[in-house]
Amino acid sequence: MTTPKIGRCRGLTHRSREAVYGYAFVLVWIVGFALFTAVPLLQTLYYSLNQVTVTATGISLEHIQWQNYTRALFTDPTFVQLLIEYAIETLVAVPIILIFSLIIALFLNLKFRFKGIFRTIFFLPVVITSGPVIQELVAQGATSVPGLAISATATEYIAQLPDYFRNPIEYLLTSFILILWFSGVQILIYLSSLQKIDQSIYQAAAIDGASAWESFWKITLPALSTTTLIVAVYTIITLSHFSENKVIKYIYSQTYAVGGGIGYASAMSFLYFFVLFLLLTVIYLLLNYRAKRQFG
Amino acid sequence: MRSYSFTSPLNRHRQDQLKGIFLGNRTSYGLLFNIALYMLLIAIGFVYLYPLLFMLVTSLKSPEDLLNPMVQWIPTQVYTGNYVKAYRVLNYPSTLLSSILISVIPSIIQAMVCSLVGYGLARYRFWGKNLIFLLILATFIIPPQTTVIPQMLTYRNFGLLGSIYALILPAMMGQGYQSAIFILIFYQTFLSLPKSLEEAARLDGASDFRIFVRIALPSAIPAFVISIIFSIVWYWNETYLTVIFLEGGIQSLPMQLSKFVQAYENLYPPGTVNIFDRLNEAVKLSGTFLNILPLLLMYFVLQKWFVESVERTGIAGE
């Protein structure tokens, strides 16, 4: 591992020479992070504490402290409602996507004919899922499970449930295919992790008399705990950043609305970020706890 | 009656064989399992394809078929009029070209920059590397809504709003759409490559940048292909940022699709056209299909790359 010191770096030790080149390679990212993420983030934070009015020459700011936040949380009836719906829908969708993509990955990990065709189908949604396309498909009723959402007794029963139960169930019925469509990358992540599990462990377990069922719970699942965490985080992020997300659409509409404005939208986007972060933390703690318990 | 209680070894063997065929043995899963497996896969596959089939069938229905409740899955005739209308409404050649431009150019630039950063992170030890990883993760988590407004205002000040530079500049700085994932892909790739060639080149006096370009990059070509393909797809489908940054300047296909109704009524004003030329779901779905058609074509040509190299490059980022 010794590297000879080359001409222009004679004055530096090996270690600091390495650091200099390392920084040189990532410098462009650091500058970009400052320009396109850190500074705008701080600016948005600043806007959120102001009443922002767009004028012909630029923007004018009027400091109003936390009023944008209190308005979003206590005065605006829509925003909090949408936030709660978003949180519930995400918490409903994530386990479904996790379990579904794991099952599909387990299937695709078996040996059978025409595997390529099925893999192609299951991965197709990743390629075509975009906001306007989904919007059209949902509007034409192409994303609900055929025959399930229109069953009269079911709809009658659901209509009687309280709002917070009804909404997630309706969401499930009308967007079931949509939820499955978000499993494409997740299936691949699971699949690649499944293929990394050492086959000799299964053979050893089989010799000791373990059934396939037992080795799934005792070998496969524990080995996938880190992957599950990654998949869960990825799923939450994709669902939350998707442009058809109700909260995002509301924030966007408020940016240009007469009563809203940039300051108010900034405050709401920070609140949204906070909820997203909370969701991530909840999922992380939950899965991490499980992972620890399985190994310890 | 003795013959029943006594099974000859030959018989026993045949029984085992039959059992093997149906229930599986050491080498195959067995017929029953296979039937169940295929049925499940076909069922799930159908659920997956259902929206697409629905879209394709509906888009080929003539206005009469749409009104006829008897016609569900098989149109009485293949009617292409919807596509002709959708093609005009979407302004297809021009929006297609801009969609290709705004997805391909930033993707290539982004892949190049991400490979640079990934290489730096994989091959050099320096202080603050963990912090950089944390920040990369942060760029993945932070919703675009929290950073987009100041960016938009800055672009407006520089007159970049509505030009492709609004997408190229962040990509050049490794802050493009989903850059974090691509940096991690390259990081993984370079980490898994053996160092020996690079060390040999260093002994021969090659500079670090030269080593990167001449030795590391060529061996990371699969990572490049996968990054560029995914990036193209994600840039193509991204509408939130593109609407904010490009509105008024460049019109991409998904952007045009999102205001399909408005554009349709401009071309075919509601009061002036006859009932069969009114906007219906078949025309809308034709537009949707035209929108995803280029991606579908790309997917079917490159699908080997899509699925297999994801497994190889480990998009999981473990």
Side-chain angles (χ1 to χ4, degrees), chain A residues 3 6 18-19 21-23 25-26 28-29 31-33 35-37 40-41 43-44 47 59 107 112 118-123 127-133 136-137 140 142-143 146 177 180 188-189 191-193 195 226-227 230 237 240-241 243 248 251 255 262 265-266 269-270 272-273 276, chain B residues 34 37 41 45 47-51 54-55 113 116-117 119-121 124-127 132 135 139-147 149-151 153 170 173-175 202-203 205 208 233 237 239-240 254 257-258 281 284-285 288 291-292 295-296 299 303 306-307 310-311 314-318:
Chain A
T3 317
I6 304 161
E18 195 179 334
Y21 275 100
Y23 286 126
F25 272 105
V26 295
V28 64
W29 186 87
V31 174
F33 178 80
L35 283 180
F36 291 99
T37 305
L41 201 65
Q43 269 177 302
T44 310
Y47 290 156
I59 52 169
F107 278 151
F112 58 91
F118 287 111
R119 219 166 40 174
T120 310
I121 294 174
F122 295 136
F123 199 63
V127 183
I128 56 178
T129 306
S130 76
V133 170
E136 282 305 324
L137 289 176
Q140 310 302 339
T143 53
I177 296 180
L180 299 189
L188 289 182
I189 299 177
L191 196 54
S192 69
S193 304
Q195 286 167 352
T226 323
T227 314
I230 294 170
I237 302 282
S240 310
H241 290 191
S243 64
I248 290 181
I251 294 176
T255 312
I262 289 174
S266 304
S269 60
F270 264 104
Y272 180 55
F273 184 22
L276 165 61
Chain B
N34 269 329
L37 177 70
L41 282 173
V47 170
Y48 257 70
L49 288 179
Y50 175 76
F54 180 87
M55 174 163 53
V113 174
L116 197 73
V117 178
Y119 184 77
L121 290 170
Y124 295 92
R125 280 171 302 176
F126 51 89
W127 183 86
I132 290 180
L135 294 179
T139 61
F140 181 56
I141 292 173
I142 295 171
Q145 290 72 40
T146 47
T147 54
I149 297 170
Q151 282 183 29
L153 293 172
M173 297 280 193
Q175 306 290 318
R202 185 160 290 139
L203 285 175
D208 287 58
V233 168
N237 285 331
T239 47
Y240 184 80
L257 182 68
S258 61
E281 63 262 39
K284 277 190 192 167
L285 288 175
T288 314
N291 191 351
I292 61 172
L295 291 177
L296 280 181
Y299 180 56
Q303 55 134 328
F306 261 102
V307 184
V310 171
E311 283 164 21
I315 201 172
E318 286 143 38

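Residue numbers start from 1 in every chain, and the chains themselves are labelled A, B, ... in the order their sequence lines are given, proteins ahead of strands. Remember, predicted model here, so these are calculated numbers, not experimental data.
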Indicate the atoms forming the closest heavy-atom contact of [X] with [Y], along with that distance.
X         : Y         : value
Gln151(B) : Phe36(A)  : NE2-O, 2.7 Å
Pro40(A)  : Pro150(B) : O-CG, 3.3 Å
Gly32(A)  : Met173(B) : CA-CB, 3.4 Å

For [X], is it the side chain, the backbone, both, or neither that has a heavy atom closer than 4.5 Å to a heavy atom of chain B?
X         : answer
Leu276(A) : side chain
Phe122(A) : both
Ile237(A) : side chain

Going by heavy atoms in the side chains, are [X] and [Y] under 4.5 Å from each other?
X         : Y         : result
Trp29(A)  : Val113(B) : no
Trp127(B) : Tyr23(A)  : yes
Tyr272(A) : Thr146(B) : no
Leu296(B) : Val127(A) : no
Phe126(B) : Glu18(A)  : no
Phe107(A) : Leu37(B)  : yes

Which residues share a ring pair (Phe, Tyr, Trp, His ring centres under 6.0 Å) with Tyr119(B), sequence neighbours left out: Phe25(A), Phe190(B), Phe212(B)
Flag, side chain of His241(A) to backbone of Ile141(B), donor-acceptor distance under 3.5 Å: yes
If I take atom [atom1] from residue [X] and atom [atom2] from residue [Y], how far apart are they, to the nearest 0.5 angstrom?
X         : Y         : atom1 : atom2 : result
Leu135(B) : Thr37(A)  : CG    : OG1   : 9.0 Å
Ile142(B) : Phe273(A) : CD1   : CZ    : 4.5 Å
Ile149(B) : Thr44(A)  : CD1   : OG1   : 6.5 Å

Under 4.5 Å from any heavy atom of chain A - which part of Ile132(B): both
Contact leader toward chain A among Gln145(B), Lys284(B), Gln175(B), where contacts are heavy-atom pairs under 4.5 Å: Gln175(B)
